[in-house]
S.K.: 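A single structure is presented below for examination.
Counting starts at 1 for both ligands and their atoms, following the listed order. Nothing fancy with the numbering, it's 1 onward along the sequence. What you see is a predicted model; the values in this text were computed from it and never measured.
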Amino acid sequence: MAEAALEPPDPAPRPPKYYLVKQHLLELIATLPAGALVPTERTLTSELGTSRTTVRQALGELVGEGRLIRRHGSGTYVAEPKLGWPLQMTSFTEQAGAIGHEVATELIDATEYAAGEEVARRLDLAPGAAVHRIERLRLVDGTPMAVETSELSAARFPGLLGHLTRVGSLYRVLADEFGVPVASAEQTIETAPASPREASLLQCDNGAPMLRLTRHSFDHAGAPIEWVQSWYRGDRYRLVARLTT
Ligand code: 16G
């Protein structure tokens, strides 16, 4: 059989200008401590002999990636390292504690409403059954890190909100007040840009990269307990899963 003529490989495309500026900034960041001020857009533009738009794009990506933090009206700073967050069958409070951090929780909204089709299916309820919908802002060491919206059966967990306000940890309340520890869960993780609402709650830019997590949790008998949708700051989290054979 005749050999097919080999096409010469495409030459590597030249990296765009903003990318070169970004690499330059990454080298600079590597030499600076967290909290150090980086040069202004104007200084970088003239030092690197490029356009302001190019510098802005490079800085914007580094902010989105959590390498830099922009403080409006003040400047751009080298960010703290991201939180390495273990993916485990534990609560937010326990997960933070396990890596040596403190959690604070602010209640954003709590309602009891009639479940629509999807939530009813998730919680194994009849459509129209009463459901608690609890939206909470989770802070780690004082920094807003995640917004979580939890839905649970109101009939199974009466007075949940009162206990939650007193105790803080939902999983503690479920285990201690209702005798229903969470035994297993299915979790999904996707990326999504922050909507204006998440951006304002989490004090980041509109459209900033977020990790969108869902968790569907079950009791020991396999009955669903909670359906939760969470927005975690993509610039502050590094999710860590331990894999064993
Ligand atoms: C985690 C769970 C959330 C649960 C919370 C309980 C995810 C995406 N979410 O954040 O489903 O409600 O832990 O934490 O993993 P707490 O006991 O500190 O309230």
Side-chain angles (χ1 to χ4, degrees), residues 82-113 115 118-119 121-125 131-154 156-157 159-192 194-195 197-198 201-202 209-220 222-243:
K82 289 184 185 180
L83 265 190
W85 194 253
L87 282 177
Q88 282 166 354
M89 190 50 272
T90 48
S91 75
F92 195 95
T93 308
E94 282 177 287
Q95 275 170 333
I99 53 171
H101 297 274
E102 291 256 317
V103 170
T105 302
E106 287 174 16
L107 187 66
I108 302 167
D109 194 29
T111 48
E112 196 176 304
Y113 79 105
E118 197 205 333
V119 172
R121 185 174 49 77
R122 296 268 181 202
L123 297 179
D124 202 10
L125 300 171
V131 164
H132 298 293
R133 184 177 186 279
I134 298 167
E135 193 177 18
R136 297 183 296 164
L137 179 67
R138 320 296 314 253
L139 299 94
V140 176
D141 300 335
T143 302
M145 294 290 282
V147 180
E148 300 202 290
T149 305
S150 301
E151 301 186 87
L152 303 96
S153 161
R156 189 173 186 195
F157 303 111
L160 176 66
L161 190 60
H163 294 302
L164 190 57
T165 314
R166 190 168 39 79
V167 177
S169 161
L170 177 63
Y171 281 13
R172 276 264 66 80
V173 169
L174 294 174
D176 298 350
E177 305 294 334
F178 296 98
V180 183
V182 174
S184 65
E186 181 174 302
Q187 186 152 318
T188 66
I189 305 167
E190 295 168 80
T191 58
S195 73
R197 178 170 161 74
E198 280 84 42
L201 287 167
L202 294 169
M210 293 279 134
L211 295 167
R212 244 195 107 229
L213 284 78
T214 69
R215 189 184 275 192
H216 194 195
S217 59
F218 304 88
D219 64 16
H220 284 291
I225 299 178
E226 182 198 22
W227 167 240
V228 67
Q229 302 189 65
S230 309
W231 292 83
Y232 283 29
R233 280 178 58 164
D235 62 341
R236 303 303 315 129
Y237 273 104
R238 190 163 45 84
L239 300 177
V240 182
R242 177 148 300 154
L243 313 174

S.K.: Among protein heavy atoms, which lies nearest atom 11 (O) of ligand 1, and at what distance?
M.R.: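 Closest protein heavy atom to atom 11 (O) of ligand 1: Val228 CG1, 2.9 Å.
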S.K.: Say whether, by atom type as modelled, one donor and one acceptor occur between the side chain of His216 and the main chain of Arg122 under 3.5 angstrom.
M.R.: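 Between the backbone of Arg122 and the side chain of His216 there is a qualifying donor-acceptor contact (under 3.5 Å).
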S.K.: Under 4.0 angstrom from ligand 1, any heavy atom of Glu94?
M.R.: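 Judged by the 4.0 Å heavy-atom criterion, Glu94 does not count as contacting ligand 1.
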S.K.: Would you check whether Arg172 has a nitrogen or oxygen atom less than 3.5 angstrom from a nitrogen or oxygen atom of ligand 1?
M.R.: no
S.K.: Among all protein non-hydrogen atoms, which one is nearest to atom 8 (C) of ligand 1, and what is the separation to 0.1 Å?
M.R.: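 Going by distance alone, atom 8 (C) of ligand 1 is nearest to Ser230 OG, 3.6 Å.
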S.K.: Rounded to the nearest 0.5 Å, what separates atom NZ in Lys82 from atom CZ in Arg236?
M.R.: 8.0 Å
S.K.: Please list the nearest protein heavy atom to atom 18 (O) of ligand 1 with its residue and the distance rounded to 0.1 Å.
M.R.: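 Of the protein heavy atoms, Thr93 OG1, 2.3 Å lies nearest.
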S.K.: Kindly compute the distance separating OG (Ser153) from CD (Glu226), expressed to the nearest 0.5 Å.
M.R.: 12.5 Å
S.K.: Between OG1 of Thr188 and CG of Leu211, what distance do you get to the nearest 0.5 Å?
M.R.: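 So the OG1 of Thr188 and the CG of Leu211 are separated by 11.0 Å.
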S.K.: Using modelled atom types and a 3.5 Å cut-off, is there a donor and acceptor pairing between side-chain atoms of Gln95 and backbone atoms of Pro86?
M.R.: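 Side chain of Gln95 to backbone of Pro86, a donor-acceptor pair under 3.5 Å: yes, one is there.
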S.K.: Can you report which non-hydrogen protein atom sits closest to atom 9 (N) of ligand 1, along with the distance?
M.R.: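 For atom 9 (N) of ligand 1, the nearest protein heavy atom comes out as Glu148 OE2, 3.0 Å.
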S.K.: Could you tell me if any non-hydrogen atom of Arg138 lies under 4.0 Å from any atom of ligand 1?
M.R.: yes
S.K.: Take the angle between the ring planes of Phe178 and His163 and call it parallel below 30°, perpendicular above 60°, tilted in between.
M.R.: perpendicular
S.K.: When only distance counts, is Tyr171 in polar contact with ligand 1, meaning an N/O pair under 3.5 Å?
M.R.: yes
S.K.: Using a 3.5 Å distance criterion without hydrogens, assess whether the side chain of Arg233 forms a donor-acceptor pair with backbone atoms of Leu202.
M.R.: yes
S.K.: At a non-hydrogen distance cut-off of under 4.0 Å, which region of Ser169 contacts ligand 1 (side chain, backbone, both, or neither)?
M.R.: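 Both backbone and side chain.
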S.K.: Of all the non-hydrogen atoms in the protein, which one sits nearest to atom 14 (O) of ligand 1, and at what distance?
M.R.: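 Checking every protein heavy atom, the shortest distance to atom 14 (O) of ligand 1 gives Phe92 N, 3.1 Å.
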S.K.: Could you list which atoms of ligand 1 come closer than 4.0 Å to a heavy atom of Leu213?
M.R.: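 Listed by number with element, the hits are 8 (C).
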S.K.: What protein heavy atom is closest to atom 19 (O) of ligand 1, reported as residue, atom name and distance in Å?
M.R.: Leu170 N, 2.7 Å
S.K.: Under a 4.0 Å heavy-atom limit, does Trp227 contact ligand 1 with its side chain, its backbone, both, or neither?
M.R.: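 Neither part.
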S.K.: Can you tell me how far the OH atom of Tyr232 sits from the CD atom of Glu198, to the nearest 0.5 Å?
M.R.: 14.0 Å
S.K.: Less than 4.0 Å between a side-chain N and a carboxylate O, is that true for Glu177 and Arg166?
M.R.: yes
S.K.: Quick one: look up the protein heavy atom nearest atom 12 (O) of ligand 1 and list residue, atom name and how far away it is.
M.R.: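 Of the protein heavy atoms, Glu226 OE2, 2.8 Å lies nearest.
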